[in-house]
Amino acid sequence: MKFREQTGLYREYVEKFMQDWYARFHDEPQKQLFEAMEYSLLAGGKRLRPIFAFEFCRICGADWQAAAPFAAAVEMIHTYSLIHDDLPSMDNDDLRRGRPTNHKVYGEAMAILAGDSLLTDAFAVAATAQLAQPQDMAFAISVLSECAGSLGMVGGQVLDICSEERECTEEEILNIQSRKTGALINAACVLGVIAAGGTEEQIDAAASFAGALGIAFQIRDDMLDVIGTRDEMGKGVGTDAEKNTFVQLYGLQKCEELVQKYTRVALDALDAFEDPGILPELAASLTDRRN
Ligand code: GRG
C-alpha cells in the first residue's frame, strides 16, 4: 500500500477507535466532561504517534490493528498535554488544531479536568491490548507511564519552565526536548513493537529511531514557529521568541542542517528491520513539514 493510503488508513482507524471508546459513555451525567475531551481529541491533528505505533507493529510482522489500544492511549496523552500546555498558567494560547483552545470553549477548570481524564483513561485503553505474553502488559504500562510522567514529558515541561529565565546550552535543550517531545514519540514506537511481540533488538531500534526523530521533529517545530503561519499551523506562531529553542541557539540555516542530520540518524536505526515499511518516507516527509 502507498504511503498516503497507509497513513490515511491508520488515521481513520485510531479516530474511530477513540470515538467508539467514548461513545459508550454518552449517557453518563458528566456530559460536559466528555464533550470537552472529545472536542480536543477528535479535532484532527496529524496522528503521528498512532501512525508510528501501527507501523512499528506491522513491520514486526503482526496485524497492525493489534497496536490500536496503544496508539489511542498515546494520542490521548498527547492531546491532554496540548490542552494543558495551552492553559493560561502555561502557554496561554487561544488556537490549537485550527480551533479555539479547550479552555476558551469550556473554561479553565473543565479543560484541566478534560486533560486529567484523557491521561487517566489512556491507561484503561492501553490495558485492553491483547498481547502474546501477559507479562508484556506490565512492561508496556511502565513504558507509557515513564515516557509521559516525571521522567519524560512532564519532566521535560518542568525543566523547560525552570530554565525560562536563562540561556540554555545545546545539551540542556536536547535534554529538555528529548523528554518534552521525544518521550511520547518513543512510547508510540516502542509500544508498536511490544504490541507485535517484537524482540529486544527491535525495541532498542525503535527507541533509537524515536530518539533521533523526536529531536528532528522538535527542531522543525521550533523552525515552524518562525517560518510557519497561523493558518498552516492551526495555532499561534511566534510564541517561542523568548524561549530556549534550537532556532534561538543556532538560527534557521543550522537548524535545517540539524533536522537532516537527526533524520539520517533515525533512518540508520531502521536497518534493524528487514522491511522498514513506510517509516523512511514518513521520516523524510517530516523534515519539510508545514504543520
Ligand atoms: C501536567 C500541568 C501538566 C502539564 C503536562 C503540558 C505538558 C505537561 C507538556 C507539554 C508537552 C508539549 C505540548 C510538548 C510539545 C510537543 C509538540 C511538538 C506538540 C505538537 O505535536 P504535533 O505537531 O501536533 O504532533 P498535532 O496537533 O499534529 O497532533
Side-chain angles (χ1 to χ4, degrees), residues 1-18 45-75 78 125-126 128-137 139-140 143-144 147 178 181-220 258-289:
M1 201 181 285
K2 295 222 175 69
F3 174 68
R4 270 184 198 290
E5 286 165 8
Q6 190 83 47
T7 52
L9 189 65
Y10 289 162
R11 234 175 247 128
E12 257 174 50
Y13 197 88
V14 75
E15 275 168 23
K16 171 96 174 36
F17 187 97
M18 296 188 298
K46 295 183 286 299
R47 310 302 191 193
L48 194 60
R49 295 152 190 82
I51 291 172
F52 282 134
F54 286 132
E55 188 61 0
F56 268 102
C57 183
R58 196 184 71 79
I59 67 171
C60 289
D63 280 344
W64 58 264
Q65 287 90 341
F70 292 154
V74 172
E75 186 66 13
H78 170 57
V125 173
T128 65
Q130 302 291 313
L131 305 178
Q133 305 291 333
Q135 67 269 25
D136 287 350
M137 183 55 84
F139 178 47
V143 166
L144 193 56
C147 290
S178 299
T181 305
L184 216 50
I185 293 177
N186 180 75
C189 298
V190 168
L191 289 173
V193 178
I194 296 174
T199 63
E200 259 179 52
E201 193 204 355
Q202 289 171 326
I203 289 175
D204 290 347
S208 301
F209 169 83
L213 198 85
I215 293 171
F217 185 79
Q218 183 59 49
I219 298 174
R220 183 69 190 167
L258 287 173
V259 170
Q260 300 297 339
K261 180 185 129 182
Y262 281 106
T263 303
R264 275 196 302 277
V265 175
L267 291 175
D268 285 347
L270 295 176
D271 288 347
F273 299 92
E274 215 173 274
D275 174 3
I278 63 166
L279 292 171
E281 198 170 345
L282 180 57
S285 75
L286 297 175
T287 60
D288 60 357
R289 68 191 173 94

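This is a predicted model, so every value here is computed, not measured.
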Which heavy atom of Ala212 sits nearest a heavy atom of Ala266, and at what distance? CB-N, 3.6 Å
With a 4.5 Å limit on heavy-atom distance, are the side chains of Phe54 and Gln6 in contact? no
Crowding at NZ, Lys16 (>12 non-hydrogen neighbours, <6.0 Å): no
Shortest non-hydrogen pair, Leu144 vs Ala73, comes out as CD2-CB, 4.1 Å
Any heavy-atom pair between the side chains of Phe17 and Glu75 that's under 4.5 Å? no
Ala187 backbone acceptor or donor facing Arg49 side chain under 3.5 Å: no
Measure the shortest side-chain to side-chain distance between Leu286 and Leu48 over non-hydrogen atoms and say whether it is less than 4.5 angstrom. yes
side-chain contact (heavy atoms from CB on, under 4.5 Å) for Phe70 and Cys57? Distances and angles first, verdict last. CA-CA 10 Å; Phe70 292 154; Cys57 183; over 6 Å; no
With a 6.0 Å cut-off (strictly less than), is the heavy-atom count around CD of Gln130, excluding the residue itself, greater than 12? no
Report, as yes or no, whether the 6.0 Å neighbourhood of atom CG on Asp204 holds more than 12 heavy atoms from other residues, nucleotides or ligands. yes
Within a reach of under 6.0 Å around CD of Gln260, are more than 12 heavy atoms found that belong to other residues, nucleotides or ligands? yes
Think Arg220 forms a cation-pi with Tyr262, using NZ or CZ under 6.0 Å from the six-ring centre and within 45 degrees of its axis? no
Check whether Glu55 reaches the backbone of Ile278 with its side chain - one donor and one acceptor, N or O, closer than 3.5 Å. yes
Nearest non-hydrogen partners of Ala269 and Phe209, listed with the distance: CB-N, 3.6 Å
Heavy-atom closest pair, residues Phe273 and Cys60: CE2-SG, 3.8 Å
Please report the C-alpha distance between Phe139 and Ile203 in whole Å, then the side-chain angles of each, then the deciding distance to 0.1 Å, and finally whether the side-chain contact (heavy atoms from CB on, under 4.5 Å) criterion is met. CA-CA 12 Å; Phe139 178 47; Ile203 289 175; 3.8 Å; yes
How long is the gap from CD1 on Ile185 to NE2 on His78, to the nearest 0.5 Å? 8.5 Å
Taking the side chain as every heavy atom from C-beta outward, state whether Arg47 and Met18 have any atom pair closer than 4.5 Å. yes
I would like to know whether Val74 and Phe52 meet side-chain contact (heavy atoms from CB on, under 4.5 Å); could you show each step before the answer? CA-CA 10 Å; Val74 172; Phe52 282 134; over 6 Å; no
We want to know whether Tyr13 and Gln65 form a side-chain donor-acceptor pair, criterion being a heavy-atom distance below 3.5 angstrom. no
For the student: nearest non-hydrogen atoms of Thr263 and Ala216, plus distance: OG1-CB, 3.5 Å
Counting distance only, does the side-chain N/O of Gln202 pair as donor-acceptor with the main-chain N or O of Thr199 below 3.5 Å? yes
For residues Pro280 and Leu267, report the shortest heavy-atom separation together with the two atoms involved. CA-CD2, 3.5 Å
Hey, which of Leu270, Ile51, Leu213 is the one that makes side chain to side chain contact (heavy atoms under 4.5 Å, CB included) with Leu279? Leu270
